[in-house]
Amino acid sequence: MRRMATTITSTIKLASGYEIPRLGFGVYKTPPEETERCCLDAFKAGYRHIDSAAVYRNEEGCGKAIRASGIPRDQIFFTSKVFDISYDKAKASIDNSLALTKLDYIDLMLLHKPMGGSENRKGAWKALVEAVEAGKLRSIGISNYGVHHLNELERHIAELEAERGKGKGGIVSIQQVELHPWLARNDIVDWCRQRGIAVEAYCPIVRGNRWDEPELQRLKAKYGKTEAQVLIRWSLDKGLIPLPKSVNTSRIMSNADVFDFSLAPEEVKGLETDEYSPVAWDPTVSKLED
């Protein structure tokens, strides 16, 4: 196996100018009472990137782990998300996330979903932009946006620039969406890459639902890795930022052990399918009026 130059702390520069680690640790559905321990396990495994959300109800445990880790704050990248989409609710959500985590700033805040209607989406985005200007957030973005939502966001940014002044419409740094070989979403990925927007992949290991796929089994055997490790490596080799999650200490460690091999370009392409098979919710297909 050939060694990769990247490591678990390797980063990508975002459009905001800040750096984000290539691999993140997700805490979706992690019980609040388990979150601090899981995050500390992740830090021991080398992770420096934690992905939470207001609706997960475990931001407090993430903040406790960050403070207890002994790792300098500027070496940990913390993400949360606004679930209730409107200007006022987004402002309140940002302040609540800061209060719960007891952090001075949040590295990345995303709008968790596109539902809420056009004016509310614009208002929620404006709240994120204002929070960046206030020093509460460093980078901002969206999650679960389809191309039609992304096109609308581009219009909203232009409108905000006209209303607030040039350069004051906000910078989109990240789009986070379910992504794996059975849901490659190349239309969304291409839209983002054309604009310098990084793409994060949640459910990168498909919740273990596709372990019996022949090509996955072949690559597992070839590289002496687990199915999860091969799928995380697929995301990395596609240029995505995968966000695997686990509450099991050994799997947290194992999922981080993906930087001593890489898939060949033809293997990345060969594992990818034309399927559209989400394993989570799929707000990307919601209508603009939703």
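Just so we're clear, the structure is a prediction, and the values are computed from it rather than from any experiment.
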| request: Check whether any side-chain heavy atom of Val172 lies under 4.5 Å from a side-chain heavy atom of Ile142, and answer yes or no. | output: yes
Hits for side-chain contact (heavy atoms from CB on, under 4.5 Å) against Asp290, two or more places apart or cross-chain, chain-then-number order -> Met115, Ser286, Lys287
Per salt bridge (Lys or Arg N to Asp or Glu O under 4.0 Å), Lys220 is matched among Glu267, Glu215, Glu213, Glu227 by Glu227
Residues Ala184 and Leu179: closest non-hydrogen pair is O-CD2, 2.9 Å
Item to complete: Decide yes or no on side chain to side chain contact (heavy atoms under 4.5 Å, CB included) for Trp211 and Ile205, but give the supporting numbers first.
Response: CA-CA 9 Å; Trp211 273 193; Ile205 60 176; 4.0 Å; yes
If you apply the rule side chain to side chain contact (heavy atoms under 4.5 Å, CB included), what do you find for Lys81 with Val55, and how did you get there? CA-CA 8 Å; Lys81 309 178 192 76; Val55 76; over 6 Å; no
**Asked** Taking the side chain as C-beta and beyond, is there a heavy-atom pair between Thr30 and Lys245 under 4.5 Å?
**Response** yes
Take atom NZ of Lys91 as the centre, draw a 6.0 Å sphere, and report whether it contains more than 12 heavy atoms from other residues, nucleotides or ligands.
no
Do Ile66 and Thr101 touch side chain to side chain, with heavy atoms closer than 4.5 Å? no
Residue set satisfying side-chain hydrogen bond (donor to acceptor under 3.5 Å, both in side chains) with Ser246, at least two apart, ordered chain then number -> none
Where do Arg37 and Glu34 land on the salt bridge (Lys or Arg N to Asp or Glu O under 4.0 Å) test, with the steps shown first?
-> CA-CA 6 Å; Arg37 189 268 304 166; Glu34 288 283 309; 2.3 Å; yes
Residues pairing under ring-ring contact (aromatic ring centres under 6.0 Å, His included) where one sits in residues 117-141, two or more places apart or in two chains, turn out to be none
Here the pair of heavy atoms bringing Leu183 nearest to Ser277 is CD1-N, 3.9 Å
Using the rule that Ile, Leu, Val, Met, Phe, Trp and Tyr join whenever any side-chain heavy atoms are under 4.5 Å apart, tell me whether Val258 and Leu216 fall into a single cluster. yes
- Task: Following the transitive rule for hydrophobic clusters with a side-chain heavy-atom cut-off under 4.5 Å over Ile, Leu, Val, Met, Phe, Trp and Tyr, establish whether Val132 and Leu111 coincide in one cluster.
- Result: yes
**OP:** Determine, for Lys269 against Glu266, whether the closest basic-nitrogen to carboxylate-oxygen distance falls under 4.0 angstrom.
**Re:** no
Which of Arg233, Arg251, Lys225 passes salt bridge (Lys or Arg N to Asp or Glu O under 4.0 Å) with Asp257? It is Lys225
Practice problem: Assess whether salt bridge (Lys or Arg N to Asp or Glu O under 4.0 Å) is satisfied between Arg185 and Asp282, documenting all intermediate values. | Solution: CA-CA 12 Å; Arg185 298 194 191 276; Asp282 189 15; 3.0 Å; yes
Across all chains, not counting sequence neighbours, the side-chain contact (heavy atoms from CB on, under 4.5 Å) partners of Arg193 are Val189, Leu240
Taken in chain and number order and not counting sequence neighbours, the residues that satisfy side-chain contact (heavy atoms from CB on, under 4.5 Å) with Pro32 are none
For Tyr18, the other hydrophobic cluster members (4.5 Å side-chain criterion, sorted by chain and number) are none
_Pair His49, Glu200 - check side chain to side chain contact (heavy atoms under 4.5 Å, CB included), show working._
CA-CA 12 Å; His49 173 185; Glu200 291 184 323; 3.5 Å; yes
Here the ring-ring contact (aromatic ring centres under 6.0 Å, His included) pairs for residues 271-290, sequence neighbours left out, are His112-Trp281
Requested in this report: Determine, stepwise, if the pair Glu163 / Lys126 fulfils salt bridge (Lys or Arg N to Asp or Glu O under 4.0 Å).
Outcome: CA-CA 11 Å; Glu163 296 162 10; Lys126 181 182 177 183; 5.6 Å; no
Applying ring-ring contact (aromatic ring centres under 6.0 Å, His included) to Phe78 and not counting sequence neighbours gives none
Taking Ile71 as the starting point, is it possible to reach Ile50 by hopping between hydrophobic residues whose side chains are less than 4.5 Å apart? yes
If you count the non-hydrogen atoms of other residues, nucleotides and ligands that lie under 6.0 Å from CZ in Arg67, is the total more than 12?
yes
Besides Leu14, the hydrophobic cluster formed by Ile, Leu, Val, Met, Phe, Trp and Tyr side chains linked at under 4.5 Å, directly or via other members, contains Ile12, Ile20, Phe77, Leu108, Leu110, Ile174, Ile241
Close side-chain approach of Thr35 to Lys64, heavy-atom, < 4.5 Å: no
On a heavy-atom basis, the closest approach of Trp182 and Arg210 is CD1-NH2, 3.2 Å
For Ala15, the side-chain contact (heavy atoms from CB on, under 4.5 Å) test, sequence neighbours excluded, returns Ile171, Ser173
Contacts of Thr11 meeting side-chain hydrogen bond (donor to acceptor under 3.5 Å, both in side chains) (sequence neighbours excluded), chain-then-number -> Glu19
Sub-4.5 Å side-chain heavy-atom contact between Ile106 and Ile94: no
With Phe25 as partner, the option from Cys62, Cys38, Ser52 fulfilling side-chain contact (heavy atoms from CB on, under 4.5 Å) is Cys38
Taking it one step at a time, do Trp234 and Glu272 satisfy side chain to side chain contact (heavy atoms under 4.5 Å, CB included)? CA-CA 9 Å; Trp234 179 88; Glu272 185 173 321; 3.6 Å; yes
Exercise. Between Asn58 (side chain) and Val27 (backbone), is there a donor-acceptor pair under 3.5 Å?
Worked result: yes
Closest non-hydrogen contact found for Ala54 with Glu59 is CA-OE1, 3.5 Å
If only side-chain N and O atoms count, and only distance matters, is there a donor-acceptor pair under 3.5 Å linking His156 with Ser118?
yes
Are there over 12 heavy-atom neighbours, none belonging to Asp274, within less than 6.0 Å of that residue's CG?
no
**Asked** With side chains defined as the heavy atoms from C-beta onward, is the minimum distance between Met109 and Val82 less than 4.5 Å?
**Response** yes
For Phe259 and Ile8, the nearest pair of non-hydrogen atoms, with its separation, is CE1-CA, 3.5 Å
Do the side-chain N and O atoms of Asp84 and Ser93 include a donor-acceptor pair separated by under 3.5 angstrom? no
| Cluster check Ile197, Leu160: I/L/V/M/F/W/Y, side chain < 4.5 angstrom | yes
- Item | Distance-only polar pair, side chains of Thr249 and Asp41, donor-acceptor under 3.5 Å | yes
The salt bridge (Lys or Arg N to Asp or Glu O under 4.0 Å) partner of Lys136 among Asp95, Asp104, Asp107 is Asp95
ring-ring contact (aromatic ring centres under 6.0 Å, His included) pairs touching residues 184-206, sequence neighbours excluded, are none
Please examine the side chains of Glu178 and Val279, heavy atoms only from C-beta on, and report whether any two atoms are closer than 4.5 Å. yes
All heavy atoms of Ala280 vs all of Arg207, minimum pair found to be CB-NH2, 3.6 Å
Notebook entry, point to check: Does Tyr28 reach the side chain of Asp51, with side-chain heavy atoms less than 4.5 Å apart?
Noted result: no
